[in-house]
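Quick notes on the structure that follows.
Protein chains get the first letters and strands the later ones, always in sequence-line order, with residue 1 at the start of each.
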There are 2 protein chains.
Amino acid sequence: MEEPRWLDAEELQTWYTLAGLLVRLPSALDAQLQRDAGISLFEYQTMASLSEAPERSMRMSHLAMLAEGSLPRMSQAVGRLEKRGWVRRTPDPTDGRFTLAILTEAGWEKVRETAPGHVEATRTYVFDPLTRAQARQLTEISRRILRAVDPESRCPGERPAID
Amino acid sequence: MEEPRWLDAEELQTWYTLAGLLVRLPSALDAQLQRDAGISLFEYQTMASLSEAPERSMRMSHLAMLAEGSLPRMSQAVGRLEKRGWVRRTPDPTDGRFTLAILTEAGWEKVRETAPGHVEATRTYVFDPLTRAQARQLTEISRRILRAVDPESRCPGERPAID
DNA sequence: GAACATGGCTTGCATGTTTAAGTAACGACG
DNA sequence: CGTCGTTACTTAAACATGCAAGCCATGTTC
């Protein structure tokens, strides 16, 4: 039962500001996509990931990892996208245990028309208000926190591009 | 229909890392609280806000704003906390339209015993991996993004301390 | 080649959140 | 005073999410 290492005033300041960011930035991006395209950020990221993948297809488990979501969540999300005609599913011919999610032509079109607005929002909210140097610092800061949260995770830049 | 201002490789890098942070940090803090205290981060923030308020009481709407949540969400959350005996509600004697949420003695005790673990987690995930200078930069960066997301919002340090 | 173990995905259930409708209290105007 | 409009909150229904159990295909062991 040791005396906890309380936060000082400056750290408290940082934490409150960061906490606000953690809530408001995702919600703002979600709102833009919901309003302009009728899809959630998670659904957009899912389709965007597929659009960058070879053959525009990917295994469910890989897709879930890329989008930082659980497998059941991804299963439901892809189910919704499938119902709207933007994705279809088929067993992996290589190994029937895997399921391939495939972006349809309509899905690719949807990503194409949704991307500009989303990128614009991201730029408006994140990059426009920061200097180049601050953006770089943000990368380094985020990497450090990510490593502290989950040491297993690969956070360096070896992830294939999505956006 | 103008050509969108796409993100360059460096910006993409920043965005992916930040996106990971936005998902994983809240979820890690939530997990710690759920595991060690059986409450969510939102519930903790609610009780912590009350514990710092005069009379350990606050109007629902003010509480919801402080915790960055909607009013219905706060209503449900306080309902759960009330059922567990940590909070009680009473109409504001000044104006019957407001409802005052009041932290009970048991609730105060709960915050007291939960706070050290939560602060420790916050320190481990956020402050330990950063230098003092980086923490300061993070404050400034978060403020700028918050201003871009919601210009109305008061993000400078004029908020009363909670944690 | 038949039983079993493994791993990937889906489904069902319990919980929490959002949106919208409903309730109650206050103030203003006639 | 009585009604109207506004404000603060709660409740109801639709929906999304995590967890645990089930299902199916594969590879292994004998």
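- Spacing between atom CG of B/L81 and atom P of D/dT10 amounts to 13 Å, rounded to whole angstrom units.
- Residue pairs meeting the salt bridge (charged side-chain N to carboxylate O under 4.0 Å, His left out) criterion with at least one partner in residues 121-130 of chain A, sequence neighbours excluded, are A/R123-B/E11, A/D128-B/R5.
- Between the C1' atom of C/dT18 and the CG atom of A/D30 lies a distance of 12 Å, rounded to the nearest Å.
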request  = In sequence, state the C-alpha distance, the side-chain angles, and the governing distance for A/R132 and B/D8, and then conclude on salt bridge (Lys or Arg N to Asp or Glu O under 4.0 Å).
outcome  = CA-CA 12 Å; A/R132 213 10 116 144; B/D8 64 33; 2.5 Å; yes

List every contact pair, protein side and nucleotides 14-18 of chain D side both N or O, where the distance is under 3.5 Å.
{"unit_1": "D/dT17", "atom_1": "OP1", "unit_2": "A/R73", "atom_2": "NE", "d": "3.3"}
{"unit_1": "D/dT17", "atom_1": "OP1", "unit_2": "A/R73", "atom_2": "NH2", "d": "2.9"}
{"unit_1": "D/dT17", "atom_1": "OP2", "unit_2": "A/R80", "atom_2": "NH2", "d": "3.3"}
{"unit_1": "D/dG18", "atom_1": "OP2", "unit_2": "A/S70", "atom_2": "OG", "d": "3.1"}

Taking only distance into account, with no hydrogens and no angle test, what donor-acceptor pairs under 3.5 Å do side-chain atoms of residues 75-83 of chain A form with protein atoms, sequence neighbours excluded?
{"unit_1": "A/R80", "atom_1": "NE", "unit_2": "A/E43", "atom_2": "OE2", "d": "2.9"}
{"unit_1": "A/E82", "atom_1": "OE1", "unit_2": "A/R89", "atom_2": "NE", "d": "3.2"}
{"unit_1": "A/E82", "atom_1": "OE1", "unit_2": "A/R89", "atom_2": "NH2", "d": "2.9"}
{"unit_1": "A/E82", "atom_1": "OE2", "unit_2": "A/R89", "atom_2": "N", "d": "3.1"}

Protein-nucleotides 21-29 of chain D N/O pairs closer than 3.5 Å?
{"unit_1": "D/dT26", "atom_1": "OP1", "unit_2": "A/G96", "atom_2": "N", "d": "3.3"}

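- One finds no salt bridge joining A/R73 and A/E68 here, because no Lys/Arg side-chain nitrogen approaches an Asp/Glu carboxylate oxygen to under 4.0 Å.
- In this structure, A/L63 atom CG and C/dC9 atom C1' are separated by 13 Å, rounded to whole Å.
- Looking at A/V149 and A/I145, their side chains come closer than 4.5 Å, going by heavy atoms from C-beta outward.
- Here C/dT6 presents its P atom at 17 Å from CZ of A/F98, a figure rounded to the nearest Å.
- If you take CD of B/E82 and P of D/dT10, they are 9 Å apart, rounded to a whole angstrom.
- A sub-4.0 Å separation between OP1 or OP2 of C/dC9 and a side-chain N or O of A/S61 is present.
- With contacts defined as side-chain heavy-atom distances shorter than 4.5 Å, the pair A/T99/A/P91 does not qualify.
- Straight-line distance from the CE atom of A/M58 to the P atom of C/dC9: 12 Å, rounded to whole Å.
- By the side-chain hydrogen bond (donor to acceptor under 3.5 Å, both in side chains) test, A/T14 is found to be paired with B/T139, residues two or more places apart in sequence or in another chain being considered.
- Scored by the side-chain hydrogen bond (donor to acceptor under 3.5 Å, both in side chains) test, B/D95 finds B/R97 as partners (sequence neighbours excluded).
- A salt bridge links A/R144 and A/E140; the closest N-O separation between the charged side-chain nitrogens and carboxylate oxygens is under 4.0 Å.
- The side chain of B/T99 contributes no N or O atom lying less than 4.0 Å from OP1 or OP2 of D/dA8.
- When rounded to the nearest whole Å, the span between CG of A/L100 and P of C/dC9 equals 9 Å.
- Straight-line distance from the CZ atom of A/R59 to the P atom of C/dG8: 9 Å, rounded to whole Å.
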